[in-house]
Amino acid sequence: MVAIASRLMKSMSLQSLPPTTLQEIASNHHKGLAKVVLKKGKTQLFRDGSPMVYSGAVDRIIGRPPPRTGDVVVVADGTEKPIGWGLYNSVSMFCVRLMQQEEEATRDPSCALNMEKLLETRIDAAIELRRNLGLPSANTNAYRLVNSEGDRLSGLIVDVFGDLAVIASSAAWVEKYKPQVEACISRIDEINHINWRRSVEMLKEEGLDLTDLKGIHLPTSHQRVKVIENGISYAISPEGQKTGFYADQRENRHFISTISEGQRVLDMCCYSGGFALNAVCGGAVNVTGVDTSMPALELANENIILNNLDPGKISFLRQDATEFMKDAVARNESWDIVILDPPKLAPRRKVLQSASGMYRNLNSLAMQLTRRGGLLMTCSCSGAMTQSGTFMRILQGAASMARRKITLLRQAGAACDHPIDPSYPEGAYLSNILFRVQ
C-alpha cells in the first residue's frame, strides 16, 4: 500500500507541474517526439552548459518507435521535466548533442525543436560576432567563423580563408543538415567557394557509413589559397591538415611576435610555419622550424618567400620531433623561446594514458632545450587531454624529468573570436601554456 501511495503521489506531482515551453511545443506540434530522460544527479552538468550527453548519463528513452540518429529529441531530468532539446545518435558515445536549453526556448520559442531555424540563428550570430571584432579586415582575412561548442554548434567548424570557406564536419547531425549549413555560409558576401571536409574517424564513431559520401573537391586553381593574418601572408592548402590552417592559434601566434625581438626561437611541429613566421617578423635573430610533413614544409618555405623574409634568419627542417630534440640535447643546444605544438595525441579518452606519456616525454625534451630563464610555449589540441584536467600535472612531471623548475606565465585557450564563457569555453579543445624555465 505504501509503494502504491508513493507512486500515486509521484504521478500527481508530475501532473501538477505547469507545462514548460518545450512541453507545450512538443505536445502541440511534434507528436511522437522521443524524450531522453537523464539519471538522477546528471542534470546539473548539462544545465551548466555541457552539450554532450553521454549514453551513461541516460536513464531511459520514452517514445515508440525509438528515435533514430539525427532525430530531434527532448532531454529531461529524472522527473521527466524538459531541460532542453538536441539531436539523437543511436551509435555514438554521445547519445545526444544538446542544442538549446529549456530556458532559452522560453525566451525564443521560434528556434525550439526547429533545427533549421536554430542553425540559421546560430550561424548569423557567429557572423555578427566576428564582424563586431573587425573580421575580416585589411590585415586578417583568415579566421574561424564557427567554432563548434564555442558557437554552440557542437561538431561544426567553419574556417574562412579569403573567399573560401572550409567546413569541417565531425558529427552525424552536420552531415544530415549539410544543405542548410552550406546555404547559410553561401549567403556571406565574401564567400565564393566552399570546401566540405569530413573528419572520417570521428564520423565513423558517429555510426556513419562513409563509402557513399564524397566531399567537395576544389578546382585546381584553389589547391593553394593565399591569405593574410595579422599582416603576415600565408599560402594555405585546403586539402592539408584539419581545415588547412590552424585558425584557432591566431592570437597565440601574434603573441609570439611580441616577445621574440632579439631571441633565438625553436618552433617544434611547426606545420606551415605560423609561429616561426611571427617570431622572425617580431625581430627574432634566428628561427628554426621542425616538422615531419614534407607538404607542410613546402608551404612553410613558400611562406618565407611570400613575406620577403631573410632565409638566413629562418629555416625549416624535416625530422621527427623526438629525434630532433634528443639530438639537440646531446649537442647541448638551447633556445631562448621554444614552441611545442604537437598533433592530437589523445583523440579519445581511451588512449589518454598512453598519450599522457607522449606529452610528458615531448615536453621534458622541450624544457631541456629551453635555456634557463627562457620561455616555453606548449600546446595541446587534444580535447580529451584538456578536459581531463591533467595537462598541468603532466607538465610538472615533465619538468621533474628534465630537472627544471617551471613558472606559469600565461594560459590561454583557442583564439576563436568568441568570448570565453564557462558554459561554452572557446578553449575546450585547445590548451596553450607559457612557462619560464629555470
Take E333 and Q368 through the side chain to side chain contact (heavy atoms under 4.5 Å, CB included) test and state the conclusion after the steps. CA-CA 9 Å; E333 288 195 72; Q368 293 175 65; over 6 Å; no
Flag this pair as yes if the NZ/CZ of R410 is under 6.0 angstrom from the six-membered ring centre of F255 and inside a 45 degree cone about the axis; otherwise no.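 That pair qualifies as a cation-pi contact.
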Could you check whether [X] pairs with [Y] (Lys NZ or Arg NE/NH1/NH2 to Asp/Glu carboxylate O, under 4.0 Å)?
{"X": "R264", "Y": "D336", "value": "no"}
{"X": "R152", "Y": "E104", "value": "yes"}
{"X": "R107", "Y": "E103", "value": "no"}

Which atoms form the tightest heavy-atom contact between [X] and [Y], and what is the distance?
{"X": "G162", "Y": "V227", "value": "N-CG1, 4.0 Å"}
{"X": "L340", "Y": "A366", "value": "CD2-CB, 4.1 Å"}
{"X": "S186", "Y": "I194", "value": "OG-CD1, 3.3 Å"}
{"X": "M367", "Y": "A402", "value": "CB-CB, 4.0 Å"}
{"X": "Y143", "Y": "A247", "value": "C-CB, 4.0 Å"}
{"X": "A235", "Y": "L306", "value": "N-CD1, 3.6 Å"}

When you look at E175 and L208, which way does the side chain to side chain contact (heavy atoms under 4.5 Å, CB included) test go after all the steps? CA-CA 9 Å; E175 293 297 319; L208 291 189; 3.6 Å; yes
Taking the side chain from [X] and the backbone from [Y], do they hold a donor-acceptor pair closer than 3.5 Å?
{"X": "R130", "Y": "P136", "answer": "no"}
{"X": "S315", "Y": "P311", "answer": "no"}
{"X": "N307", "Y": "S233", "answer": "yes"}
{"X": "S137", "Y": "T140", "answer": "yes"}
{"X": "S169", "Y": "R198", "answer": "no"}
{"X": "E239", "Y": "G244", "answer": "no"}
{"X": "S364", "Y": "R360", "answer": "no"}
{"X": "R122", "Y": "M99", "answer": "yes"}
{"X": "R197", "Y": "P238", "answer": "yes"}
{"X": "T370", "Y": "V338", "answer": "no"}

One pair to check against salt bridge (charged side-chain N to carboxylate O under 4.0 Å, His left out): R318 and E323. What are the steps and the verdict? CA-CA 11 Å; R318 186 187 185 192; E323 290 180 3; over 6 Å; no
With E229 as reference, evaluate R250, R253, R144 under the salt bridge (charged side-chain N to carboxylate O under 4.0 Å, His left out) test and give the passing residue.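 Of all the options given, the one that passes is R253.
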Examine the side chains of T43 and D77 and answer whether a donor and an acceptor come within less than 3.5 Å of each other. no
What I'd like to find out is whether the side chain of [X] reaches to under 4.5 Å of the side chain of [Y], using heavy atoms alone.
{"X": "I433", "Y": "M377", "result": "no"}
{"X": "N278", "Y": "T258", "result": "no"}
{"X": "L266", "Y": "I337", "result": "no"}
{"X": "F435", "Y": "L395", "result": "yes"}
{"X": "V36", "Y": "V74", "result": "no"}
{"X": "L153", "Y": "W173", "result": "yes"}
{"X": "V53", "Y": "F94", "result": "no"}
{"X": "N195", "Y": "I167", "result": "no"}

Walk me through it: do Q249 and D341 pass the test side-chain hydrogen bond (donor to acceptor under 3.5 Å, both in side chains)? CA-CA 10 Å; Q249 287 277 33; D341 188 10; 3.3 Å; yes
State the CG-CD1 distance between D267 and I339, to the nearest 0.5 angstrom. 5.0 Å
Taking atom CD1 of I304 and atom NZ of K313, what is their separation to the nearest 0.5 Å?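 Nearest 0.5 Å value for the CD1-NZ distance: 13.0 Å.
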ring-ring contact (aromatic ring centres under 6.0 Å, His included) involving Y271 - partner list, sequence neighbours excluded: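 Y271: ring-ring contact (aromatic ring centres under 6.0 Å, His included) contacts with Y246.
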Can you list the residues that meet the ring-ring contact (aromatic ring centres under 6.0 Å, His included) rule with Y88, with sequence neighbours excluded? none
Is the CD atom of E261 crowded by more than 12 outside heavy atoms at less than 6.0 Å?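 No, the 6.0 Å shell around CD holds no more than 12 heavy atoms from other groups.
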Does a sphere of radius 6.0 Å around CZ in R131 hold more than 12 heavy atoms from other residues, nucleotides or ligands, not counting ones at 6.0 Å or beyond?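 Enclosed: over 12 neighbouring heavy atoms sit under 6.0 Å from CZ of R131.
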Side chain to side chain contact (heavy atoms under 4.5 Å, CB included) assessment of D159 paired with I157: CA-CA 7 Å; D159 283 346; I157 284 176; 4.0 Å; yes
For the residue pair W335 and F324, does the interplanar ring angle fall in the parallel (under 30°), tilted (30 to 60°) or perpendicular (over 60°) class?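 Rings of W335 and F324: tilted, as their planes differ by 30° to 60°.
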Step-by-step side chain to side chain contact (heavy atoms under 4.5 Å, CB included) determination, C270 to F275: CA-CA 7 Å; C270 65; F275 283 111; over 6 Å; no
Using side-chain hydrogen bond (donor to acceptor under 3.5 Å, both in side chains) as the criterion, list what pairs up with T69, not counting sequence neighbours.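 Per chain and number, T69 pairs via side-chain hydrogen bond (donor to acceptor under 3.5 Å, both in side chains) with S90.
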Listed partners of D291 passing side-chain hydrogen bond (donor to acceptor under 3.5 Å, both in side chains), at least two apart: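 So D291 forms no side-chain hydrogen bond (donor to acceptor under 3.5 Å, both in side chains) with any residue.
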Passes salt bridge (charged side-chain N to carboxylate O under 4.0 Å, His left out), R97 versus E206? Steps please. CA-CA 12 Å; R97 292 184 190 247; E206 290 271 300; 3.2 Å; yes
Evaluate the side-chain hydrogen bond (donor to acceptor under 3.5 Å, both in side chains) criterion for residues T292 and D320: first the C-alpha distance (whole Å), next the side-chain angles of each, then the deciding distance (0.1 Å), finally the verdict. CA-CA 6 Å; T292 59; D320 175 77; over 6 Å; no
Could I get the full list of side chain to side chain contact (heavy atoms under 4.5 Å, CB included) partners for D59, not counting sequence neighbours? K39
Going by the rule side chain to side chain contact (heavy atoms under 4.5 Å, CB included), which residues pair with K176 if we only count those two or more places apart in sequence or in a different chain?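 Expected list: D71.
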